[in-house]
Each structure stands twice: as C-alpha cells, then as structure tokens.
Engineer: 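The structure that follows is given in the form of structure tokens.
Index from 1, following the sequence.
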Amino acid sequence: MNGTRWSLIALGCLAVGVTGVTFFEQPDPRSQVPAARREVVFWHFWGGDDRRVVEEVVDRFNRSQEEHFVRAVAMPGNNLDVKLFLAVTGGDPPDLINQDDAIIADWAHRGALRSIDELASPEEADHLRRWLFPAARRLVEYDQRLYALPNGLDIRALYYNKTLLDQHGLEPPRTLDDLDLIAETISPADYAGRRETFGYLPDPRRLWAWGAVFDGDFYDEETGRVTADSEPIVRALDWMAGYSRRYGSEEVAAFRQGDQSLPGKSFPLLAGRYALLMDGQWRVRDIAASQQARRDAGLPPIEYGVCPLPPPPGGRENAGWVNGNFFLVPRGANNADGAWEFMKFWSGFGG
C-alpha cells in the first residue's frame, strides 16, 4: 500500500480516536534484546493470569533458539485498528499481533496484512492448509488466501447448573423444546412480577451460533451473497426475540444490565442468575475455581455440566459458532521472519 493511502487511513483514524496512542504500553527496560538477535515486537490483548501464560510462552521461545527475541506488549483491545494504522503510518508497526475479532477480511482488503504465502515457504503454506481444521482455516482465510495462523478456537456450548435442574426434576436439554421448558419452569417471578433468576435467556450477540443450529448460513460462498435474511436465520431470530416478548423487553434488558454489575468478568451462571447459559471453553476454569472456593468455605457443592446447543426440528445437531485467537503480521513489519517462527512455536505447527 502506498504512503498516500496509509496517510488517509491514519487521518481517518485520528478523527475518531487520536487518544488511542496513549494506550501504548511502555517497554520494560529490563527486556534487553541480546546481541546478534533480531527483536520481534508482539502485541497481545491478554491480562491477569492469561498474561502470565503469554509471558511464559514467550520466555520458552526466547530460550529455544538464538536468532530472534520476542518482546510481548500487552495492548487493550479497544481501538486496536487505530493503534495499528497509526503505528504503520509512523513507520514503526509491531511485527506480530494476536487478535480475536473478525477483522481479517477488512484488514487484508486494505492491504494491511502480509499473507501466509509471503511468510512461509510454498511447502509450509500447503502443509498449513491441510493441517488446519476446516473451521480454523475459514477463520483466517480471505479471497482464497490465508492471512493468519490460529492458536486457539473458541467453541460455544450450553453450561447448566445440574444441581438446580435436579431440584426441578429436569434433564439437560436435548432439543429446543426441552430448553424452552426449562426456561418456563425456572423463571419464577416475585409478588411484583420481577425475576431474580431466569432458566435461560438467549444472548442477542449469539445469533451467529443459533442461526447455525437452525440449519442456516449467513453467507453463500458460491454466489458471494449475504444470506442473513434466509428463512432459517429469521426463524432463529424470531425464537430468540420470543423470550423478550414473553417476559417483556424492559425486564429482560434490566436483568441483563444486572449481569454487567457482577465483579470483574464473573460468569453469571455461577452467581445463580441462570439455570443455563451459553459460553466458551474458558469457563471450565471459572467453574473449577468456584467449586474449590465453596469447598474451602465448607459449603455444599454445586454441580455443573455442559451440553451442545439443542436444535429445533430439522436443525443441526452439535452445531454452533466457532471463532478464536489468531496471529497476524502487519504490512511493514520489521521482522516478519521472527514473527513466523514464533507463530509456529506457539501453535505447534511443524512440530
């Protein structure tokens, strides 16, 4: 991409988020690049315990060879595109970014990314296409080219409070009708008509998942046409909206706002606000920690379980929405070779 176009992008970004530059993390003065090594500047979005895991992987890579040296920089995810385009325009982009937003098509179309074909040998690129799961390959593909290397997939399913279901004589749902029955049974209202617990509430952000369960697709790859208005997707959306029609949109909105009031990124299922809740595989850790905390406090255990999203008649079984984390190399990276080596190290590709 020529300098004029980058300048236009940067000016547009400045108009909406010039303060984004203030979010850059200051380099740790103790992170000195050893002599004869080439630095790899690595932006990631993890914090807390996850950040320590990132730093451990980086340290393992740095000790595994003597050619490159990765410096991890924790970057808040907000306005990451602004920060990237400003860095590229300023001539100092990172060498590697880890992302989990659906930005690959947009950034690749703008010419902001280097494709895998530019990073890997023809043999490696061909091997990678065969090595990736189909869902992982589609996650990082645009215009029939790979632009990133996944290092983890996020898979949604239904977590449920087994103890609560047992108290009501209910089994985990196998069909959509089962799920609706649980929702109707475990949604008691108080004398004023308010509810402190819901059996289940569809998350309006998760139409991607339920659309697939209803046997729908959002895009026709053969024609290149968006099919979000297809009959299965509309049925899925109507089913989701039915919960607001049943309980009242204001009550549902107020209850969901209460989820946001939980401390940190607490899992609302553990707070007893739901009997079932859709979420990803990372919640296994939260459940284990909650159960240990109850044991330490001498409280009776609460059992939890997980099951696939239950389909309606004619829907897809064991279906849902998959996204994940992936590594990508910005155009203009100073050490793309080192970035590629670290991407392979983390993901296990090639050994």
Side-chain angles (χ1 to χ4, degrees), residues 1 3 6 9-10 13 20-48 50-100 103-104 107-108 110-121 124-125 128 140 146-152 325-351:
M1 181 176 290
W6 275 121
I9 292 173
C13 291
V21 296
T22 63
F23 290 100
F24 282 90
E25 180 185 85
Q26 294 299 316
D28 186 343
R30 296 170 296 178
S31 300
Q32 298 296 326
V33 180
R37 290 213 200 181
R38 299 180 61 199
E39 184 180 51
V40 177
V41 179
F42 167 42
W43 287 5
H44 68 85
F45 57 86
W46 286 298
D50 293 330
R51 179 173 179 175
R52 285 189 284 272
V53 173
V54 172
E55 292 169 349
E56 289 173 4
V57 177
V58 167
D59 184 59
R60 284 169 50 200
F61 175 78
N62 288 339
R63 289 187 280 108
S64 72
Q65 43 73 58
E66 298 181 351
E67 184 176 357
H68 305 286
F69 186 87
V70 173
R71 177 165 62 86
V73 181
M75 297 288 292
N78 295 335
N79 297 322
L80 185 58
D81 55 345
V82 176
K83 302 166 194 174
L84 172 65
F85 296 140
L86 287 173
V88 172
T89 303
D92 189 25
D95 300 297
L96 184 63
I97 296 178
N98 196 258
Q99 254 282 16
D100 65 348
I103 48 77
I104 286 180
W107 290 12
R110 297 186 190 204
L113 302 178
R114 297 188 66 168
S115 70
I116 294 297
D117 292 327
E118 297 175 87
L119 303 172
S121 67
E124 280 185 315
L128 180 61
V140 299
L146 300 181
Y147 280 91
L149 177 57
N151 64 307
N325 305 321
F326 47 83
F327 292 112
L328 46 87
V329 178
R331 182 75 57 188
N334 295 314
N335 188 2
D337 291 341
W340 174 240
E341 292 302 319
F342 182 65
M343 292 161 67
K344 292 190 293 182
F345 179 88
W346 182 306
S347 66
F349 174 61

Engineer: Can you name the nearest heavy-atom pair linking N98 to W46, along with the distance?
Structural biologist: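 Looking at all heavy atoms of both residues, the closest pair is OD1-CH2, 3.1 Å.
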
Engineer: Considering non-hydrogen atoms only, spot the tightest contact between R37 and N62 and give its length.
Structural biologist: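 Looking at all heavy atoms of both residues, the closest pair is NH1-O, 2.8 Å.
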
Engineer: Which atom names give the shortest non-hydrogen contact between V40 and H68, and what distance separates them?
Structural biologist: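 Nearest pair, atom of V40 first, then H68: CG2-CB, 4.2 Å.
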
Engineer: Could you report the tightest heavy-atom contact between K344 and L149, atom names first, then the distance?
Structural biologist: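 Heavy atoms of K344 and L149 come nearest at N-CD2, 4.1 Å.
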
Engineer: Looking at every heavy atom in both F42 and I97, which two are closest together, and how far apart are they?
Structural biologist: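 Distance-wise, the nearest heavy atoms are CE1-C, 4.4 Å.
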
Engineer: With the threshold set at 4.0 Å, does a side-chain nitrogen-carboxylate oxygen contact exist between E55 and R51?
Structural biologist: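 The answer is yes: the pair qualifies as a salt bridge.
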
Engineer: Answer with yes or no whether the side chains of E124 and W340 bring together a donor and an acceptor at under 3.5 Å.
Structural biologist: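 Result is yes, a qualifying pair exists.
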
Engineer: Between D95 and A333 (side chain of the first, backbone of the second, donor and acceptor by atom type, cut-off under 3.5 Å), is there such a pair?
Structural biologist: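 Side chain of D95 to backbone of A333, a donor-acceptor pair under 3.5 Å: no, none is there.
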
Engineer: Check whether any side-chain N or O of R60 sits under 3.5 Å from a backbone N or O of F345 as a donor-acceptor pair, and report yes or no.
Structural biologist: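 Absent.
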
Engineer: Closest heavy-atom contact between A339 and V329?
Structural biologist: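 So the minimum-distance heavy-atom pair works out to CB-CG2, 3.9 Å.
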
Engineer: For this output row, return yes or no: ring centroids of F327 and W346 closer than 6.0 angstrom.
Structural biologist: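 Centroid distance F327-W346: below 6.0 Å, so yes.
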
Engineer: Please answer whether the main-chain N or O of F61 pairs with a side-chain N or O of Q65 as donor and acceptor at a distance below 3.5 Å.
Structural biologist: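 Checked: pair present.
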
Engineer: When you measure from the side chain of N335 to the backbone N and O of E39, does any donor-acceptor pair fall under 3.5 Å?
Structural biologist: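 Yes, because the side chain of N335 sits within donor-acceptor range (under 3.5 Å) of the backbone of E39.
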
